[in-house]
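The structure under discussion appears below in the form of structure tokens.
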There are 2 protein chains.
Amino acid sequence: MKNTIFVFKDDSPKYKQIYEQFKLFIERGDIAADDSLPSIRQLADSLQVSRNTTLMAYEQLVAEGYIRGEGRKGYFVNELEPLLFQDDLVLPNKKQTKSLTQVLLDFRAGAVDQTNFPLKIWRRISNQVLTLQESFQYGEPFGEVCLREQIATYLLQSRGVKTDPNAIIIGSSTQQMLIYLGQILKDDFTSIIVEDPGYDGAREAFQFHGFTLEPLPVYESGADFSKLEQMTSRLIYVTPSHQSPIGVSMSIQQRQMLINLANKMHGYIIEDDYDSEFRYTQQPFPALASIDSKRVIYLGNFSKSFLPGIRLSYMVLPQLLLDRYKNQFLHFESNTSLLSQLTMATFMEEGEWNRHIKRMRLVYTRKMQCLVSELKKHFKQNISIIGEQSGLYVLVKIHLNRSEEWLIERASIYGVKVYPTSIYFIKKNSDEAIIKLGFSNLTCEEIQLGVKLLKKAWA
Amino acid sequence: MKNTIFVFKDDSPKYKQIYEQFKLFIERGDIAADDSLPSIRQLADSLQVSRNTTLMAYEQLVAEGYIRGEGRKGYFVNELEPLLFQDDLVLPNKKQTKSLTQVLLDFRAGAVDQTNFPLKIWRRISNQVLTLQESFQYGEPFGEVCLREQIATYLLQSRGVKTDPNAIIIGSSTQQMLIYLGQILKDDFTSIIVEDPGYDGAREAFQFHGFTLEPLPVYESGADFSKLEQMTSRLIYVTPSHQSPIGVSMSIQQRQMLINLANKMHGYIIEDDYDSEFRYTQQPFPALASIDSKRVIYLGNFSKSFLPGIRLSYMVLPQLLLDRYKNQFLHFESNTSLLSQLTMATFMEEGEWNRHIKRMRLVYTRKMQCLVSELKKHFKQNISIIGEQSGLYVLVKIHLNRSEEWLIERASIYGVKVYPTSIYFIKKNSDEAIIKLGFSNLTCEEIQLGVKLLKKAWA
């Protein structure tokens, strides 16, 4: 009777998906007896389903005897009679594969932790900003002065970069800024050195202006700087604090060599400091722009450290380029929400930004530890973990003689979304597949469940 | 005693400015006896001063006898003894000019009405959006589906444009969208026809890609379409609903001629429908894109109709260009705040957007009437008003044999900021100066005071 009511009340695809997914996991033994299930709240949030739908799916599984509720402790898997483990359920068949394409656990790197977001403070400041007269006008073309001042203070304190707020340009994204920047560089430069593997989005922005790309090979030990001698470009795009995607940091010797080279060749270094805030084992390294301000174009953003969807980025330009940039874009409207700029300026001024970064460093340290230990526990010698000292993801080299495509596809059958790294490579320097796992908006319980499912998927 | 306390309590530059400005106006007779002053709230808001500072400056003037308070009716100018009208005060001297450079009344077109902004509703939806999991991720590269669906519905209902939400691209500003759009047009097109006078920002975006500009003369009677025959460009950028800046609308004959030409030449019409919502005498005219969807690229934005600082624009692309655009920008991040997109989508879905437009049409109708009648009253035959049927500004042709620069400079001495139109012209077709007066965030009282001051300034 109870069952009927539930099924009658919620016959939505999401209800069915949760119900069928967990039923299958339990029948296949993917989740063992006494394993805990994600909490109602967690699962509802991560699937963007109502808690009610999630609750009903769980209650259906309780009713059928698959799981049990233990009050505030949550839901746990019941032991099943051996009869239920039928052979054709061990590997999902075609029909089941189709019905299970929705993602249960997403190891997405392009997200941030939601639980620790300073919701009340941000709301309060946003609401204040909406009462200011200046919020009802167009903003400054190069960004609001109050925000540029706050960024200048932050850059000095945290990245060692001394800059005048007037040398800062606010933009919406790294790619948008690179497209605008490329416009003032393309007359003097026709090619650019890029890290390989490296951020594909930057490469696309350079190709927008027809720049030729010269790939600089990067390994787990760092970039192969000896290759620079053979290169002719006087422009280089690098991620010195946390190489994207390998995660290695540039040594001070490499930094100085790069700056000397840029000075000698009258070139520029574009330093993308996209997630310098999150370094777990040491203090963040000072920026290249803290060593030299004439040859380094510094790029920063709030996508990893605050919210990707806020679309708030900035760059610091050397004087010569700054004059050219302001001349070129004097009559261009800002690309960035004035409201977000004013809110962020107050958020920083009140010290909330520094508090947020400190808090998030702790949160992400714990999540990183959890992911790395789960991976080691389940995969042992079958994987190598790359880049666990910093950032919001790790790369995992899989020694299983399987293709990247196979690994992603197999994971998806188990409801787990993992990400490729081949898109970052111009020339692939190894045959082994490397998978990217982001953890920022997953709880430790979700990370545990996710790794457990990956183990099953890739068995 | 009272005076001393006030001066002691607020010696800020803004206090002094209000106090000295009004003292001068009254002494010079710029504001006559029994004229009303702006309300405390209005003045404080428009100068971005606290109400307390404004109140103290007024009370100082009350104390000195320049003005009187009449309770809830506000403040009024007292009659002054003739002795006070000294000759050297009739025209401000150098020293006074310097001290009065701050703007009291700003006829800025790039602003929207603040008083009628749906603050509570917008806050409620913004705050809801911050609790969604999707707000903590990167958004869709071409804009959120929910917003594109709402825009498609709006375009059909209000602009007669039938479009699939998939053909809509969300961007941050008209200029950013034109730069991205230019990238997929520049291989096939090297020149573009632009209105003269026309939107300078669009011209700069086309020049970003090196397009040659062919100016199409526009007069108060409309564009000179006979000139099109001599032109070779197969691309044209127009503002058919409300020509920017002249304010004239394209007739149906002109619209059809343009579409036939684009079809014959295999070219494209870029239709910038930037403020079609505000037409006072008739219903807004249907968009060009409602007549033809294969040759018209439609651009719209929320800057005039909602908030310029929100940086939310969109374009509708014909299928051929859409495929190219999505191919070119598939790996580019969105330029527009995800939070703003999600908030606007709900705002539209709840019907608040339509209510807001209706309300603002009434508000702006009243303000436009007020500005036009004040101008006619004070300037009579000395001016011609252009474009009072629609939009958030008028152009005023000044028959006083004075240069644009002189008119702006003189107005600024009286604390009034007015705007040039020469920037919109490639070839100026008349010697008479044309001044742009926006009214969107001024009250009727402020408009009255502003026009009165302009009369004095230009006497």
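To find a chain, count down the sequence lines: A is the first, B the second, and so on, and within it residues start at 1.
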- With a 4.5 Å cut-off on heavy-atom pairs, point out which of S340(A), G171(A), S334(A), G201(A) contacts chain B the most. S334(A)
- Query: Atom CZ in F332(B), atom CD in Q175(A): separation rounded to 0.5 Å?
  - Reply: 5.0 Å
- Item | Main-chain N/O of F136(A) paired with Q114(B) side-chain donor or acceptor, under 3.5 Å | no
- Can you see which heavy atom on Y138(A) is nearest to which on K304(B), and at what distance? OH-NZ, 2.8 Å
- Item | Student check: side-chain heavy atoms of N127(A) and L119(B) closer than 4.5 Å | no
- Item | Pairwise side-chain contact, N335(B) with S173(A), heavy-atom cut-off 4.5 Å (strictly under) | yes
- Task: Pick one of side chain, backbone, both or neither for K186(B), based on which atoms fall under 4.5 Å of a heavy atom in chain A.
- Result: side chain
- Query: What is the distance from atom CG of L130(A) to atom OG of S126(B), rounded to the nearest 0.5 Å?
  - Reply: 6.5 Å
- Item | Straight-line distance of D106(B) CG to Q137(A) CD, nearest 0.5 Å | 7.0 Å
- Query: Side chain, backbone, both or neither: which part of S313(A) has an atom under 4.5 Å from a heavy atom of chain B?
  - Reply: neither
- Out of curiosity, Q183(B) CD to H209(A) NE2, how far, rounded to the nearest 0.5 Å? 7.5 Å
- Message: Can a donor-acceptor pair be found, under 3.5 Å and without considering hydrogens, that links the side chain of R311(A) to the backbone of L338(B)?
- Response: no
- In terms of heavy-atom proximity below 4.5 Å to chain A, should L132(B) be classed as side chain, backbone, both, or neither? backbone
- The reported gap from OG in S172(B) to CD in E333(A) (rounded to nearest 0.5 angstrom) is 8.5 Å
- Item | K120(A) versus chain B, the contacting section by heavy-atom distance below 4.5 Å | neither
- Message: Show the nearest heavy-atom pair for residues R123(B) and Q128(A), with the distance to one decimal.
- Response: NH2-N, 4.5 Å
- Item | Between CZ on residue F208(B) and CZ on residue F329(A), distance to nearest 0.5 Å | 5.0 Å
- Under 4.5 Å from a heavy atom of chain B, the part of Q341(A) involved: neither
- Contact winner vs chain B - I310(A), L339(A), D200(A), T336(A), heavy-atom pairs under 4.5 Å: T336(A)
- Task: Heavy-atom distances under 4.5 Å only: say whether S440(B) touches chain A with side chain, backbone, both or neither.
- Result: neither
